[in-house]
Enquirer: 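Okay, here's the structure, questions in a sec.
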Amino acid sequence: MLDIRWIRENKELTEKRLASRRGGDESKVERLLELDAQRRGLLTEVEQLKAERKSASKQIGALIGQKKKEEAEEKKAATKAIGDQITTLDQQVQETMKEQESILLSLPNLPHESIPDGASEEDNPEIRQWGHKPEYGFDPQSHVDLCDQLSLIDFARGAKLAGSGFLLYTGWGARLERALIQFLLDLHTREHGYTEVSPPFVVSPDCMTGVGQFPKFYDQAYAVQEGEDGETLGKLYLVPTAEAPVANIHREELLKEEQLPIFYCAYSPCFRAEAGAAGVGTRGMIRVHQFDKVEMIKIVPADQGYVELDAMVGNAEKVLQLLDLHYRVILLCTGDMGFASAKTFDIEVWAPGQGSYLEVSSCSNCEDYQSRRMNLRYKTREGKNVFPHLLNGSGTALARLFVALIETHQQEDGSIRIPEPLQPYLGVEVIPAAS
RNA sequence: GGAGGGGUGGCAGAGCGGUUGAAUGCGGCGGUCUUGAAAACCGCUUUUCGAGAAAUCGAAACGGGGGUUCGAAUCCCUCCCCCUCCGCCA
């Protein structure tokens, strides 16, 4: 959520930066400021009336104390009219605030000034690459074929159980998935200073609003319902990412500056309805309705957001380096950024069987956009209450990492080499070829 | 799911229709005293919104929302959360 006071003082800049952004509707700013002025005018008016009523009520109390019954009754009757005015004005204030709030919640974050203008992903500049595309003395296979041959994933039965887009990991596939989760959590907790948390896999709508999922992405979420009880529908949602619960851990709290920075990492499955995306690149496990992910969250003082963002990108890169996977880091342009983010780096890993790069991580600094939405603040040493910067990053998404891993490290005989750092977790050096 | 009890300031804990933003204690900050510290004593100690250049002034907030009233932390309704007991259950 943007700061209404900031918008008030930077109207043109707000409109300009909103316009450059995907999902940004700068035409709403005009109405927003209209409501803001109206709200403040009404507030001044109603507060004055309330001050009058308050002192009248005190006088009535005093009169009753002095047994001056008649005077008290007269005063009561006179004050009643003020009360009615207050009720009317209060309603108007409520309505004005409600509309203002709903516009504010619908506006995306403003891109950081360093973000290049652009219309789509075509315009995202590449920041760096690591490693290089591996060469094979044979035709590298797609993960779909590898999974079939090695019985890592049973696509057909996954679909039988829950429909297209849900995976049934089997045998070495299931073990590899589990090994990766543990490898990632250990890496981030032991080497990168994150505290592991294991959150609920459903959250309240407030949490979804807090991170900016709602109201914009209602149609992407799975709402749950208790049994046949329609009343409970929409009170909880399956998490689309661990960011939803973890970033909200301290919602509506006032932290002390000494408590910061806070680093959390968490494993969770991620549920995405992907409404309207059916049929788009759906073969295999690149785009699915449920995938595993290890997420990193940072809550940091407002002046440290960007230093910490760079560090977080490094944390995600480390994963790919240890797994010996070629990747590139790109900076998202204004036209391709997520709703809540002020600056986002994506990490794309090379998948030889696909002949393309796959997004496995997205690290964003949302600045105070989310903390304002969830009313998370910290008290500085000087005693000021400010909104911290909230950062989130995948460290990393698993399904695509799985794809890149088996496609990259496949060998001619159909077996898959396991990179050394992962070997202790899987217990073998190679996933053997099908016999 | 059933029956009770409870949610008040950083914490503990009063108040249960009137000048109470809220007693008291603890903690925290400042001061007096002291060579220094402790003790003792004195003062201060919430947040949000609005007006203002500022000093400051005004409003709101006692789990959330609504109602009664001239006036609500206090009464009524509703929702949420916590505790105890019973039932069910991995």
Enquirer: Considering only B:rG50, B:rG71, B:rG58, which nucleotide approaches the side chain of A:A51 most closely?
Expert: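 Taking heavy atoms from C-beta onward, the closest nucleotide is B:rG58.
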Enquirer: Could you let me know what B:rC29 is paired to, Watson-Crick or G-U wobble, both distances under 3.5 Å, or none if it's on its own?
Expert: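 Base-paired to B:rG43.
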Enquirer: Please state the C1' separation for the pair B:rU48 and B:rG21 - nearest whole angstrom.
Expert: 14 Å
Enquirer: Rounding to a whole Å, what distance do you find between A:D84:CG and B:rC70:C1'?
Expert: 11 Å
Enquirer: Between A:K293 and A:E295, does at least one N-O distance fall below 4.0 Å, as a salt bridge requires?
Expert: yes
Enquirer: Given B:rA60, is OP1 or OP2 found less than 4.0 Å from the side-chain N or O atoms of A:K54?
Expert: yes
Enquirer: Given the C1' atoms of B:rU68 and B:rC75, what is the spacing between them in whole Å?
Expert: 8 Å
Enquirer: Considering every strand and a 4.0 Å limit on heavy-atom distances, what is the contact class for A:I64: base, sugar-phosphate, or nothing?
Expert: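 A:I64: base contact, heavy atoms under 4.0 Å.
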Enquirer: Give one of base, sugar-phosphate or nothing for A:A62, where a contact means two heavy atoms less than 4.0 Å apart.
Expert: base
Enquirer: Could you check whether A:T79 gets within reach of a base, just the sugar-phosphate, or nothing at all, counting any heavy atom under 4.0 Å?
Expert: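 Sugar-phosphate contact only - A:T79 comes under 4.0 Å of backbone atoms but never of a base.
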Enquirer: C1' atom, B:rU24 versus B:rU8: distance in rounded Å?
Expert: 14 Å
Enquirer: If you pin A:A56 and A:R5 to their nearest nucleotides in RNA chain B, which one's is more 5'?
Expert: A:R5
Enquirer: Nearest whole Å is fine: how far is B:rG18 P from A:R53 CZ?
Expert: 17 Å
Enquirer: Determine the Euclidean distance between corresponding P atoms of B:rG28 and B:rG17; express it in Å to zero decimal places.
Expert: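 Approximately 36 Å lies between the P atom of B:rG17 and that of B:rG28.
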Enquirer: Does A:E47 contact B:rG58 through a side-chain donor or acceptor facing the base, at a distance under 3.5 Å?
Expert: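 Such a pair is found, so the answer is yes.
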Enquirer: Across all strands, who's sitting opposite B:rG17 as a Watson-Crick or G-U wobble pair, both distances under 3.5 Å?
Expert: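 Its partner: none found.
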Enquirer: A:I86 CD1 to B:rG50 P: how many Å, rounded?
Expert: 19 Å
Enquirer: Does B:rC70 have OP1 or OP2 under 4.0 Å away from a side-chain N or O of A:K80?
Expert: yes
Enquirer: Could you tell me whether A:E101 and A:K98 have a side-chain N and a carboxylate O separated by less than 4.0 Å?
Expert: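 No, A:E101 and A:K98 are not salt-bridged.
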Enquirer: Do NZ/NE/NH1/NH2 and the carboxylate oxygens of A:R17 and A:E26 come within less than 4.0 Å?
Expert: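 Judged by the 4.0 Å cut-off on N to carboxylate O distance, A:R17 and A:E26 do not form a salt bridge.
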Enquirer: Nearest nucleotide by nearest heavy atom, which residue falls closer to the 5' end of RNA chain B, A:I60 or A:E226?
Expert: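 Result of the comparison: A:E226.
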Enquirer: Using atom P of each nucleotide, how far apart are B:rA59 and B:rG7 to the nearest Å?
Expert: 29 Å
Enquirer: Hey, does A:K235 reach any base, or is it just sugar-phosphate, or nothing, if we go heavy atoms under 4.0 Å?
Expert: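 Here A:K235 touches no strand at all.
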Enquirer: Quick test of your reading of the model: are A:E73 and A:K76 salt-bridged, counting only N-O distances below 4.0 Å?
Expert: yes
Enquirer: Please measure how far the P atom in B:rA73 lies from the corresponding atom in B:rA60, and state the result in whole Å.
Expert: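 Per the computed distance, 10 Å lies between those P atoms.
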Enquirer: With a non-hydrogen cut-off below 4.0 angstrom, is A:R372 in contact with a base, only sugar-phosphate, or nothing?
Expert: nothing
Enquirer: Please step through side chain to side chain contact (heavy atoms under 4.5 Å, CB included) for the pair A:D310 and A:F345, ending with a clear verdict.
Expert: CA-CA 9 Å; A:D310 288 341; A:F345 291 102; 3.9 Å; yes
Enquirer: May I ask you to verify if any side-chain N or O of A:R40 is less than 4.0 angstrom from the OP1 or OP2 atom of B:rC49?
Expert: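 No.
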Enquirer: Could you please name the partner base of B:rG1, counting Watson-Crick and G-U wobble pairs only when both distances are under 3.5 Å?
Expert: B:rC86
Enquirer: Give the nucleotide from the list B:rA59, B:rA51, B:rG71 with an atom nearest to the side chain of A:K50.
Expert: B:rA59
Enquirer: Output the rounded distance in Å from CG (A:L236) to P (B:rC80).
Expert: 12 Å
Enquirer: Figure out the CG/C1' separation between A:D90 and B:rG50, and round it to whole Å.
Expert: 14 Å
Enquirer: Using a cut-off of 4.0 Å on non-hydrogen atoms, how would the nucleic acid contact of A:K75 be classed: base, sugar-phosphate, or nothing?
Expert: nothing
Enquirer: Rounding to the closest angstrom, what is the interatomic distance between B:rA22 and B:rA12 at atom C1'?
Expert: 16 Å
Enquirer: Below the 4.0 Å mark, does B:rG50 have OP1 or OP2 next to a side-chain nitrogen or oxygen of A:R8?
Expert: yes
Enquirer: Hey, is the side chain of A:R39 poking within less than 4.0 Å of OP1 or OP2 on B:rC49, counting only N and O atoms?
Expert: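 No, outside the criterion.
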Enquirer: For B:rA23 and B:rU45, measure between their P atoms and round to the nearest Å.
Expert: 11 Å
Enquirer: Rounded to the Å, how far apart are A:L89 CG and B:rG58 C1'?
Expert: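 Going from CG in A:L89 over to C1' in B:rG58 covers 16 Å.
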Enquirer: Whether A:K16 and A:D117 form a salt bridge (side-chain N of Lys/Arg under 4.0 Å from carboxylate O of Asp/Glu) is what I want to check.
Expert: no
Enquirer: Now, which nucleotide makes the Watson-Crick or G-U wobble pair with B:rA59, with each of the two distances under 3.5 Å?
Expert: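 Partner of B:rA59: B:rU48.
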Enquirer: Kindly say if A:K256 contacts the phosphate of B:rG10, meaning a side-chain N or O under 4.0 Å from OP1 or OP2.
Expert: no
Enquirer: Between B:rG10 atom C1' and A:N385 atom CG, what is the distance in whole Å?
Expert: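 Whole-Å distance recorded here is 13 Å.
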Enquirer: Please determine, for B:rU24, whether a Watson-Crick or G-U wobble partner exists with both distances under 3.5 Å, and give it or none.
Expert: B:rA12
Enquirer: Is a donor on one side and an acceptor on the other found under 3.5 Å between the side chain of A:S142 and the backbone of A:V144?
Expert: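 Pair found, side chain donor or acceptor close to backbone of A:V144.
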Enquirer: Side chain to side chain contact (heavy atoms under 4.5 Å, CB included) between A:L422 and A:L176: does it pass, once the steps are laid out?
Expert: CA-CA 9 Å; A:L422 191 59; A:L176 177 58; 3.9 Å; yes
Enquirer: In Watson-Crick or G-U wobble terms, both distances under 3.5 Å, what is the partner of B:rA54?
Expert: none
Enquirer: Nearest whole angstrom, please: distance from the C1' of B:rC70 to the CD of A:Q85.
Expert: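 Going from CD in A:Q85 over to C1' in B:rC70 covers 14 Å.
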